[in-house]
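Read the numbers this way: they start at 1 and go in the same order the structure lists the ligands and their atoms. Counting from 1, the numbers follow the sequence of the chain as shown. Note that these values count all heavy atoms, side chains included, but never hydrogens, waters or copies made by symmetry.
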Amino acid sequence: MKKVILDKFAEVFGDNQGAKAYFAPGRVNLIGDHTDYNGGHVFPCALTLGTYGVARKREDNKLRFYSMNFDSLGVIESSLEELNPGEGENWTAYPKGVIWAFGEKGMQVTKGMDLLLFGNIPNGSGLSSSASVEVLTGFILRDFFGFDVTNQDLALIGQYSENKYNLVNCGIMDQFAIAMGKKDHAIFLDTATLSFEYAPVKLEGAKVVIACSNKKRGLVDSKYNERRSQSEAALKELQKVVDIETLGDLDEETFEKHQDAIADTVCRKRAKHAVSENQRTIQAVEALKQNDIELFGKLMSESHVSLRDDYETSCDETDLLVAEAWKNPGVLGSRITGGGFGGCTVSIVKDKAVEQFKEQIGKVYLEKVGYAADFYVVDIGDGPCVL
Ligand code: ADP
Ligand code: MG
């Protein structure tokens with residue numbers, strides 16, 4: 001891949017003298033969705049799928065961008081003088097946002113760059129291609145300018161830029177999972193404190209399989225923001241009767257005792273998910289540590305039910321992928337992953353059942369939905385690197 005992207009860089013920008021190649025992963029969250037802004041735990045891992053980049057520092061303040069995923073847009077030119085939070089014309093708002101965010105944090109980017117990207121993660125499918133681009137850009141800027149930032153800082157800067165420049169109200173999970181990725185490990189992260197632990201994912205005789213629904217997502221941001229405000233409303237009401245800072249502070253028993261304090265039944269369901277999903281995530285990591293993959297899978301499937309019925313962030317297409325997966329005896333667990341309303345499912349599938357899984361679910365999906373799903377048998381990889 002390194003040669004392919006360096007050659008492409010030379011084709012697009014004239015030559016590749018002084019250019020360097022980089023990679024940042026995508027991520028999948030194994031369990032713990034919509035807990036990251038509720039002070040709960042998440043359990044994502046970096047993938048060997050991700051975003052490749054070639055970058056070269058310039059002597060002037062020009063920014064020249066090209067993405068092989070958006071080749072019809074050609075080279076997009078801008079400059080360090082044209083960093084405008086809220087702009088959203090095209091994909092370059094992601095790398096530009098990160099350059100801007102470094103400046104906001106007191107690390108001025110003083111020279112422009114030529115940047116070429118190629119990603120093999122599906123865009124807009126909940127595997128965090130946007131966070132992958134952000135962390136990749138931050139990693140390149142650190143390499144170019146020697147900024148004194150850790151990988152964890154790169155995650156925080158990426159989130160800051162997505163929040164403030166791209167106006168997407170995301171939590172910290174995606175950027176953290178990508179910047180801190182570790183081969184064959186998932187990251188058990190407490191989003192309230194950012195304390196974390198690497199847990200080995202040893203799925204002897206099984207694989208992590210991602211199914212992408214390819215459903216076009218509309219109005220996702222508004223639904224996401226609605227879920228956030230419903231959770232916040234529920235928290236405010238609970239805080240009148242119990243001393244907590246976040247929904248992640250509650251166990252299920254305490255929640256049940258106090259849930260009537262939440263007047264609105266929809267907000268109550270949202271809070272129930274935030275509380276139960278956090279507890280499930282804690283249990284799932286424990287199960288994995290005990291090598292109890294069966295229990296881990298069962299908790300993943302329970303997570304889907306909670307996201308479908310209580311948080312209502314699934315949709316017909318992802319419900320179908322999961323329901324078909326559950327029918328397969330070689331599937332240990334299956335759930336929607338990511339923000340929801342489309343996107344991907346993640347399943348733990350026994351090696352012997354993987355081919356049948358793809359074939360059978362693919363066939364039913366095409367028949368019922370009218371377009372194909374894509375399947376990725378994934379490996380858990382490291383964080384960003386120089387190639
Ligand atoms: P997700 O993060 O779930 O993949 P988002 O909608 O948050 O979905 O981010 C997708 C956007 O990120 C793309 O529309 C594009 O603007 C940007 N992006 C991701 N990967 C690339 C890439 N390889 N090249 C250019 N832009 C990319
Ligand atoms: Mg994203």
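Heavy-atom proximity to Tyr94, at under 4.0 Å, picks out these atoms of ligand 1: 11 (C), 12 (O), 16 (O), 17 (C). Those atoms of ligand 1 that come under 4.0 Å of a heavy atom in Ser125, given as number and element, are 3 (O), 4 (O). For ligand 1 and Trp91, the ligand atoms under 4.0 Å from any heavy atom of the residue are 15 (C), 16 (O), 25 (C), 26 (N). Atoms of ligand 1 found under 4.0 Å from any heavy atom of Gly119, numbered from 1 in the order shown, are 23 (N).
If you look at Ser67 next to ligand 1, the close heavy atoms, those under 4.0 Å, all belong to the side chain. At a 4.0 Å heavy-atom cut-off, ligand 1 does not touch Ser132 at all. Here Val133 has side-chain heavy atoms under 4.0 Å from ligand 1, and that is the only part of it that gets that close.
Screening Glu355, Lys327, Glu324 for a side chain to side chain donor-acceptor pair (under 3.5 Å) involving Gln360 leaves a single residue, Glu324. With Asp114 as the fixed residue, the salt bridge (Lys or Arg N to Asp or Glu O under 4.0 Å) test singles out one of Arg58, Lys8, Lys62: Arg58.
When Asn69, Leu73, Leu127, Ile121 are checked for heavy-atom proximity to atom 22 (C) of ligand 1, Asn69 turns out nearest. Residue nearest to atom 8 (O) of ligand 1, selected from Gly88, Gly342, Gly26, Gly124: Gly124 (by heavy-atom distance).
Among all non-hydrogen protein atoms, the one lying nearest atom 19 (C) of ligand 1 is Ser129 OG, 3.1 Å. Scanning the protein heavy atoms around atom 14 (O) of ligand 1, the nearest turns out to be Phe70 CZ, 4.0 Å. Nearest to atom 9 (O) of ligand 1 among the protein's heavy atoms is Ser130 CB, 3.3 Å.
The distance from the CE atom of Met180 to the CG atom of Asp382 is 12.0 Å, given to the nearest 0.5 Å.
Side-chain contact between Lys223 and Thr313 is absent, with no heavy-atom pair separated by less than 4.5 Å. At a threshold of 4.5 Å between non-hydrogen side-chain atoms, the residues Pro384 and Phe23 do not count as touching. At least one side-chain heavy atom of Val75 sits less than 4.5 Å from a side-chain heavy atom of Val12. Looking only at side-chain heavy atoms (C-beta outward), Gln283 and Phe296 stay at 4.5 Å or farther from each other.
Cluster partners of Ile244, by chain and number: Leu235, Leu238, Val241, Val242, Leu247, Leu250, Phe255, Ile262, Val275. The rule joins Ile, Leu, Val, Met, Phe, Trp and Tyr whenever side-chain heavy atoms lie under 4.5 Å apart.
No side-chain donor from either of Arg280 and Ser303 sits under 3.5 Å from a side-chain acceptor of the other.
In this structure, the side-chain hydrogen bond (donor to acceptor under 3.5 Å, both in side chains) partners of Thr150, at least two apart in sequence or on a different chain, are Asp153. When the side-chain contact (heavy atoms from CB on, under 4.5 Å) test is applied to Lys363, the partners found at least two apart in sequence or on another chain are Glu367.
The set of protein atoms (N, O or S) found at less than 2.8 Å from the Mg ion (ligand 2) reads Ser130 OG, by chain and number.
Between Lys3 and Asp7 there is a salt bridge, with a side-chain nitrogen of the basic residue lying less than 4.0 Å from a carboxylate oxygen of the acidic one.
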